[in-house]
There are 2 protein chains.
Amino acid sequence: MEKVLAGQEWFWEKLNHYLAKSQLKHSKQRNFIIEEFLAMDSHVSAEELYSQLKNRDHNPGLATVYRTLNLLKDAGLVDQKQFSDGKSVFEVMAPDSHHDHLICLSCHKVIEFENEEIERLQELVAKKHSFKLTKHSLELFGHCSDCVKTL
Amino acid sequence: MEKVLAGQEWFWEKLNHYLAKSQLKHSKQRNFIIEEFLAMDSHVSAEELYSQLKNRDHNPGLATVYRTLNLLKDAGLVDQKQFSDGKSVFEVMAPDSHHDHLICLSCHKVIEFENEEIERLQELVAKKHSFKLTKHSLELFGHCSDCVKTL
DNA sequence: TTGAATGCAAAGTTTTTGCAAAAGC
DNA sequence: GCTTTTGCAAAAACTTTGCATTCAA
């Protein structure tokens, strides 16, 4: 749940490895975009990241932001989540994190949670249907304690 | 899991009630679209429904298909699901069905399942975070037994 | 008759792509 | 120097909207 600002080395290392393997390059824009993405709260849309970069006096094209996020997705470093209003956000895919989301329909707050037992039951369901599971997405929608009062 | 072709009266009744309450009307196109939607397998996109209607010698505009599906959504009769490739599909929201989805990444087959215990644990998680839950979405991605062989 | 529904085409959104110029290695 | 990346604008994909016409009650 906590933001860990240090300890993103693994991210850059995996990225370097991916770029090398795929014969791709670093670039000023690419690095700026990724730095800002890592600094921002997770669950960021391409548009939000783009605006943020403009505030910081960098001005990559929106296309470049998309291309960079897609690169990270291909590298398996971020995950793209489609929310039900059709918008999508990106989040860092830490190799050891298995969290799901509680989403407030009023204020759009996103809370992460982990539940071992739910994970275990999912495995069971998959096994029962002879599925080989690669990932899952569990989203609980509702109203958070703050917003519930104002309804 | 079985398709129940009879017993859609509740759907039409709720629809009638909603239309009356909102001072909206029935129409030939609207009814054709809804009939075809109910006859098709669930998890149908607007575009698929539109093509199907053309095959059946009805030719509502695509906009009308969208408008009708949105009407059903407003009426609380269907649910729109965003799949991870950015496309969205609609499915009947039976008042007593709490099912989730196993989705094959190879053949795009969708299998529904129900798991009481997962539901119960979700409630617990929500309670722990003081969330008032309204709905949830659980999707398990992987490869089905058929496709796993071909990998 | 009066408001709602339709069809069409135009406009919106979000994301991707083509291409010439610039940058990385 | 050769290949990748960038920026821009154009295109794509999906969905909504505006408006004149048709339809339902």
Side-chain angles (χ1 to χ4, degrees), chain A residues 12 15-37 43-54 56-75 78-90 108, chain B residues 12 15-37 43-54 56-75 78-90 108:
Chain A
W12 291 103
L15 176 62
N16 288 342
H17 179 253
Y18 178 79
L19 292 178
K21 193 186 65 183
S22 314
Q23 313 196 73
L24 302 175
K25 298 171 184 175
H26 276 280
S27 82
K28 226 191 298 197
Q29 289 89 329
R30 195 168 271 179
N31 288 342
F32 277 139
I33 292 168
I34 296 173
E35 273 170 27
E36 195 59 42
F37 174 68
H43 311 107
V44 177
S45 70
E47 198 72 46
E48 285 165 347
L49 182 49
Y50 173 66
S51 313
Q52 179 70 9
L53 285 160
K54 278 208 289 205
R56 300 263 162 150
D57 297 323
H58 299 123
N59 45 351
L62 180 54
T64 302
V65 174
Y66 273 105
R67 282 188 277 229
T68 302
L69 289 169
N70 281 333
L71 172 79
L72 296 179
K73 202 164 50 159
D74 293 343
V78 309
D79 197 25
Q80 182 173 22
K81 285 212 150 3
Q82 281 315 124
F83 284 118
S84 36
D85 55 358
K87 314 211 154 138
S88 74
V89 296
F90 295 82
H108 301 102
Chain B
W12 290 103
L15 177 62
N16 289 341
H17 179 253
Y18 177 79
L19 292 178
K21 192 185 64 183
S22 315
Q23 313 196 74
L24 302 176
K25 298 171 182 173
H26 276 281
S27 81
K28 228 192 297 199
Q29 288 90 329
R30 192 167 274 180
N31 288 341
F32 278 139
I33 291 168
I34 297 174
E35 273 169 27
E36 195 59 41
F37 174 68
H43 310 110
V44 177
S45 70
E47 199 71 47
E48 285 164 349
L49 182 49
Y50 174 68
S51 313
Q52 179 70 9
L53 284 159
K54 278 210 288 208
R56 300 263 161 150
D57 297 323
H58 299 123
N59 44 353
L62 180 54
T64 302
V65 175
Y66 274 104
R67 282 189 277 231
T68 302
L69 289 169
N70 281 332
L71 172 79
L72 296 178
K73 202 164 51 156
D74 293 341
V78 309
D79 197 25
Q80 183 173 22
K81 285 211 152 0
Q82 258 354 98
F83 283 118
S84 35
D85 55 358
K87 313 210 155 135
S88 76
V89 297
F90 295 82
H108 301 103

Trainee: CG of A/Leu62 versus P of D/dA11: gap in Å, rounded?
Mentor: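 Result: 18 Å.
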
Trainee: Decide yes or no for A/Phe90 and A/Glu48: does some side-chain heavy atom of the first lie under 4.5 Å from some side-chain heavy atom of the second?
Mentor: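 Answer no - side chains too far apart.
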
Trainee: Would you say that A/Leu71 contacts A/Leu19 through its side chain, given a criterion of any heavy-atom pair below 4.5 Å between the two side chains?
Mentor: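 SC-SC contact between A/Leu71 and A/Leu19 confirmed.
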
Trainee: In degrees, rounded to 10°, what is the bend between the two ends of the helix from C/dT1-D/dA25 to C/dC25-D/dG1, using five pairs at each?
Mentor: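 That helix has its two terminal axes inclined by roughly 30°.
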
Trainee: Take atom CG of A/Asn16 and atom P of C/dC25, then tell me their distance rounded to the nearest Å.
Mentor: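 Result: 10 Å.
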
Trainee: What integer distance in Å separates B/Lys54:NZ from C/dC8:P?
Mentor: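 Distance check: B/Lys54 NZ to C/dC8 P gives 10 Å.
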
Trainee: In residues 24-35 of chain B, which residues come under 4.0 Å of DNA chain D by heavy atom?
Mentor: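 Correct list: B/Lys25, B/His26.
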
Trainee: A/Gln23 near the nucleic acid: base, sugar-phosphate alone, or nothing, with a heavy-atom cut-off under 4.0 Å?
Mentor: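 The answer is sugar-phosphate, as A/Gln23 gets under 4.0 Å only of primed atoms, P, OP1 or OP2.
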
Trainee: How would you list all residue pairs meeting side chain to side chain donor-acceptor pair (under 3.5 Å) that involve residues 23-33 of chain B, not counting sequence neighbours?
Mentor: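 As it turns out, the side chain to side chain donor-acceptor pair (under 3.5 Å) pairs with a partner in residues 23-33 of chain B, which skip direct neighbours, are B/Asn16-B/His26, B/His26-B/Asn31.
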
Trainee: Could you tell me the separation between the OH atom of B/Tyr50 and the C1' atom of C/dT6, rounded to a whole number of Å?
Mentor: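 Checked: the OH to C1' distance equals 13 Å.
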
Trainee: Between N or O atoms, less than 3.5 Å apart, protein on one side and nucleotides 18-21 of chain D on the other: list the pairs.
Mentor:
from   : atom 1 : to      : atom 2 : distance (Å)
D/dG18 : O6     : B/Arg67 : NH1    : 3.4

Trainee: How many Å lie between CG on A/Asn59 and P on D/dG7, as a whole number?
Mentor: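 Atom-to-atom, A/Asn59 to D/dG7, this comes out as 7 Å.
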
Trainee: Pick the nucleotide of DNA chain C nearest each of B/Gly61 and A/Lys73; which residue has the one closer to the 5' end?
Mentor: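 Result: B/Gly61.
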
Trainee: Report yes if a side-chain nitrogen or oxygen of B/Asn70 is closer than 4.0 Å to either non-bridging phosphate oxygen (OP1 or OP2) of D/dT15; otherwise report no.
Mentor: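 Result: no.
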
Trainee: To the nearest angstrom, how far is A/Leu71 atom CG from D/dT6 atom C1'?
Mentor: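 Answer to the nearest Å: 14 Å.
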
Trainee: Which pairs with one or both residues in residues 62-73 of chain B pass side chain to side chain donor-acceptor pair (under 3.5 Å), sequence neighbours excluded?
Mentor: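 Counting only pairs at least two positions apart or across chains, the side chain to side chain donor-acceptor pair (under 3.5 Å) contacts touching residues 62-73 of chain B are B/Lys73-B/Gln80.
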
Trainee: Output yes when at least one side-chain N/O atom of A/Thr64 is less than 4.0 Å from OP1 or OP2 of D/dT5, else no.
Mentor: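 Result: no.
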
Trainee: Quick one: side-chain contact (heavy atoms from CB on, under 4.5 Å) partners of A/Ser22, sequence neighbours excluded?
Mentor: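 A/Ser22: side-chain contact (heavy atoms from CB on, under 4.5 Å) contacts with A/Tyr18, A/Leu24.
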
Trainee: Between atom CG in B/Leu69 and atom P in C/dA5, what is the gap in whole Å?
Mentor: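 So the CG-P distance, B/Leu69 to C/dA5, works out to 15 Å.
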
